[in-house]
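These notes are about the structure you will find just below.
Values reported hereafter were calculated over all heavy atoms of this structure, with side chains retained and with hydrogens, waters and symmetry mates removed. The structure presented is a predicted model; accordingly, all values stated were derived computationally and were not measured.
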Amino acid sequence: MTEGAGIRDGDLPDDLTAAEAGMWQAFRNGSVYDLSSGDTVVDDPHGGHPWGDERTVRARIVCWLLLDGPPPLAGRVSSLKLVGVQVSGALDLAGGTVEPYVEMRGCRFEREVLLPEARFTTLRLVDCSVPRLEAARVHTEGDLHLPRCRFHNGVRITDAHIGTDLLLSQAVVYRDRSGRSIAGDGLNVGQDLQAEMLESHGELSLRGASIGVSLSLRGARLVNPYTRLALNAPQLTVGRTLYLTPAGVGSPLLSGRTPARGTRVQRFECRGGVRLDDGRFGDAVDLERARFVFTDEQELSMRRVQTPELRFLGERMERGRVLLSGARVVNLVDRADAWPGPGLLHMGGFGYENLVPRGPFPLERRLEWVAAATAEYNPEPYELLASVLRAGGEDEDAREVLLAKQRRRRETLPPAGKLWGYVQDWMVAYGYRPGRAAVWMAILWAAGSVAFGYADHPPIKGGEHPTWNPTLFALDLLLPVIDLGQVGFWQFSGVWQWLATVMILLGWILATTVAAGATRTLRRN
């Protein structure tokens, strides 16, 4: 029988092998076609045990069924459900429209699967061995499931449109000739992209991708020793949360669930740079317990990211850099030991509204965090931190931050400015501790009262002077605004004249400091 003849009547073509004939009948019946032997070692699609002709079907026949197959049996819905089948030749459905449901489990493909610009309702390849999946601009109304598959020369799903979920959990993907494991630039997923415990060898590229709900890389392992980036996802849009967090091992996929006690947990690990610049995340970016292993040239880049919450709770990096320049978050959830050391953190223009530390995060550690992010003096991080602390009612801590800002600024000044800065710091803490200024005024008042008690003080005009009172005279010198009626009536010379001048200058400095501190307090209240 020639190809196509009698197909509309359901006749079986003459040139089919026994395996293909069984697949043909199962397709019409909508039933599972299982050619597995029952031996787990033999049936492993990723193992080296050969599968003979009795388990092999030609890719051309599979395409025939999917694109122009026979009608279903009465009362049945045609679908292709294969288990333990080997497909010979390239499965080429490029540009085709596949209406039947497709699910292949534990199958082997001898050559690449070609799906560019094809249209499916739902496509599921589960635990299959595939040399390469080429599916640029593929369109599915439902799911595209590829869990536990192994792709030896990469996956290309650029500009694909997945109606509901894209599942890559526990898949193993090796790089193609361009160095990419998964090329998903411009990918659009209607709901979730789940790639939990994914193993990627090469660059995982999601540039400009859009995920409707959540992107989960829980427990994934991204390794790329060949180029600079292991995860390249600038301008990524995620409707809710990006998870770079642990996952339970040895149990069913724990999407979004906390592993039960005793469950072994596999954390997210990335050996290669991460680029999330200009990303938009509706709920959060979660890095809890994430491990990043970088070279000196690699970085975790989140420049200009926008998200309501950033959970920076990963393992402290020993090398590489963290870039948060221009990022905007509402809640910064972090841990003191999660941030990298000096010179490895860049936060120019980084904005946050609330600090939510996990565990102890004393102010001195927070100031070290700011200092680590500013190799050169920059007032902005200090002022932002002070503003956030003040908004949370931590006025004393806010003053300490602003004092630290002045001390950091002092190191940039010329020698004369540094000297004057040390004097200001020692005496009045740059005005951020007005109580210290009041103490100095009291000390100077007491010392002046004693000293001027021994001073020779002839009146300037005889008979036109108040009664001499060294205590009031010293206080009159120190208070620049209030006139106590003592200054201007006595004549001093030598050291007493210099002492009076010094007390007037110190009085101006200290009184101004106390007034500034009181003004800040009143303004906050």
Practice task
List for me each residue that meets side chain to side chain donor-acceptor pair (under 3.5 Å) alongside Ser210, sequence neighbours excluded, and say none if there are none.
Solution key: none
Handout entry: Side chain proximity check, Leu80 to Val98, heavy atoms < 4.5 angstrom
Key = no
Practice task
With the side chain counted from C-beta on, respond yes when Leu198 and Ile182 share a heavy-atom pair under 4.5 Å apart, and no when they do not.
Solution key: yes
Exercise for the section: Could you list the residues that satisfy side chain to side chain contact (heavy atoms under 4.5 Å, CB included) with Ala135, not counting sequence neighbours? Expected result: Leu115, Leu133, Val138, Ile157
Exercise for the section: Go through the structure and list residues passing side chain to side chain contact (heavy atoms under 4.5 Å, CB included) with Asp44, not counting sequence neighbours. Expected result: His46
Exercise for the section: Tell me, please, which residues at least two apart from Arg291 pass side chain to side chain donor-acceptor pair (under 3.5 Å). Expected result: Glu269, Glu315
Practice task
Not counting sequence neighbours, list each pair that qualifies as a salt bridge (charged side-chain N to carboxylate O under 4.0 Å, His left out) and has a residue in residues 329-344.
Solution key: Asp334-Arg366, Arg335-Asp337
Problem - Pairs where residues 294-313 contributes a residue and the test ring pair (Phe, Tyr, Trp, His ring centres under 6.0 Å) is met, not counting sequence neighbours - result: Phe292-Phe294, Phe312-Trp339
Problem - Any Pro340 side-chain heavy atom under 4.5 Å of Glu318 side chain - result: no
Problem - side chain to side chain contact (heavy atoms under 4.5 Å, CB included) involving Ser205 - partner list, sequence neighbours excluded - result: Arg180, Asp185, Glu203, Arg207, Asn232
Exercise for the section: Only pairs at least two apart or in different chains count here, so list each ring pair (Phe, Tyr, Trp, His ring centres under 6.0 Å) that has a residue in residues 77-100. Expected result: none
Handout entry: Cation over ring face, Arg328 and Tyr352, 6.0 Å, 45°
Key = no
Exercise for the section: State, with a plain yes or no, whether a side-chain heavy atom of Leu123 is found less than 4.5 Å away from one of Leu146. Expected result: no
Problem - Glu353: which of Val330, Val329, Leu332 passes side chain to side chain contact (heavy atoms under 4.5 Å, CB included) - result: Val330
Exercise for the section: Could you tell me whether the side chain of His201 reaches within less than 4.5 Å of the side chain of Ser181, counting heavy atoms only? Expected result: no
Problem - Test side-chain contact (heavy atoms from CB on, under 4.5 Å) applied to Asn224 and Leu204, step by step - result: CA-CA 9 Å; Asn224 187 15; Leu204 170 55; over 6 Å; no
Handout entry: Sequence neighbours excluded - salt bridge (charged side-chain N to carboxylate O under 4.0 Å, His left out) pairs with any residue from residues 127-139
Key = Glu117-Arg137, Arg132-Glu134, Arg132-Asp176, Glu134-Arg156
Handout entry: Short side-chain donor-acceptor distance under 3.5 Å, Thr164 and Gln191
Key = no
Practice task
Measure from NZ or CZ of Arg409 to the centre of the six-membered ring of Tyr377, then state whether that distance is under 6.0 Å and the direction lies within 45° of the axis.
Solution key: no
Practice task
With rounding to the nearest 0.5 Å, note down the distance linking CG in Leu287 to OH in Tyr243.
Solution key: 12.5 Å
Problem - Pair Tyr101-Glu103, side chain to side chain donor-acceptor pair (under 3.5 Å): steps then yes or no - result: CA-CA 7 Å; Tyr101 172 83; Glu103 181 174 328; 2.2 Å; yes
Handout entry: Sequence neighbours excluded, every pair satisfying ring pair (Phe, Tyr, Trp, His ring centres under 6.0 Å) that has a member inside residues 141-173
Key = His139-His161
Completion exercise
Arg289 meets the side chain to side chain donor-acceptor pair (under 3.5 Å) criterion, sequence neighbours left out, with none
Practice task
Give the intermediate values and the outcome of side chain to side chain donor-acceptor pair (under 3.5 Å) for residues Thr40 and Asp43.
Solution key: CA-CA 5 Å; Thr40 56; Asp43 291 336; over 6 Å; no
Handout entry: Non-neighbouring partners of Glu394 that pass side chain to side chain contact (heavy atoms under 4.5 Å, CB included), sequence neighbours left out
Key = Leu389, Asp397
Practice task
State whether Asp278 and Arg303 are salt-bridged, where the test is any N-O pair (Lys NZ or Arg NE/NH1/NH2 against Asp/Glu carboxylate O) under 4.0 Å.
Solution key: no
